[in-house]
Amino acid sequence: MADKPNPIQVQKFLGGMDYPASKQDVLQCAEQNGAGKDVLESLKKIPDRQYDGPNAVSKEVAHA
């Protein structure tokens, strides 16, 4: 199993994100900001819901 990206790596690709944001918004932002496959794969595993800020996204990535 591949290592999960750490929250700092994930947040690097979510700069400029407007919250609240859906899972799809988060994925799209990360992709547009050049996120690598490991970050995108981790974000694809988070629950499909609204996120109220970057900490909420990081928390889900850590538990996904």
Side-chain angles (χ1 to χ4, degrees):
M1 183 165 126
D3 290 333
K4 294 179 190 176
N6 70 46
I8 295 169
Q9 289 174 302
V10 174
Q11 292 309 314
K12 175 180 165 185
F13 298 108
L14 297 180
M17 181 94 224
D18 290 328
Y19 293 93
S22 68
K23 174 183 176 176
Q24 191 59 41
D25 293 335
V26 170
L27 277 166
Q28 186 175 25
C29 181
E31 196 168 23
Q32 289 174 348
N33 287 330
K37 185 177 179 179
D38 59 336
V39 171
L40 293 175
E41 288 300 316
S42 290
L43 290 172
K44 287 177 184 176
K45 295 176 184 174
I46 65 175
D48 191 6
R49 66 174 183 88
Q50 289 288 110
Y51 292 91
D52 59 3
N55 290 341
V57 175
S58 293
K59 183 178 175 184
E60 291 297 345
V61 167
H63 292 103

Enquirer: For S58 and N55, run side chain to side chain donor-acceptor pair (under 3.5 Å): C-alpha distance rounded to whole Å, both residues' side-chain angles, the deciding distance at 0.1 Å, then the answer.
Expert: CA-CA 5 Å; S58 293; N55 290 341; 5.3 Å; no
Enquirer: Surrounding CD of Q50 (heavy atoms of other residues, nucleotides or ligands, distance under 6.0 Å), is the total greater than 12?
Expert: yes
Enquirer: Please round to the nearest 0.5 Å and tell me the distance separating atom CG of D25 and atom CG of D18.
Expert: 9.0 Å
Enquirer: Is a donor on one side and an acceptor on the other found under 3.5 Å between the side chain of K23 and the backbone of I46?
Expert: yes
Enquirer: How many angstroms lie between CG in N6 and NZ in K12, if you round to the nearest 0.5 Å?
Expert: 10.5 Å
Enquirer: To the nearest 0.5 Å, what is the distance between NZ on K44 and NZ on K37?
Expert: 8.5 Å
Enquirer: May I ask you to test the L14-N33 pair for a side-chain heavy-atom distance under 4.5 Å?
Expert: no
Enquirer: Enter the distance from L43:CG to Q24:CD here, rounded to the nearest 0.5 Å.
Expert: 11.0 Å
Enquirer: Please give me the minimum heavy-atom distance between Y51 and Y19, naming the atom from each residue.
Expert: O-CD2, 3.4 Å
Enquirer: Between G15 and C29, what is the shortest heavy-atom contact and its length?
Expert: O-SG, 4.0 Å
Enquirer: Among V10, V39, V26, find the residue that satisfies the side-chain contact (heavy atoms from CB on, under 4.5 Å) test when tested with V61.
Expert: V10
Enquirer: At their closest point, which heavy atom of E60 faces which heavy atom of R49, and how far apart are they?
Expert: OE2-NH2, 3.5 Å
Enquirer: What distance separates D48 CG from S22 OG, expressed to the nearest 0.5 Å?
Expert: 7.0 Å
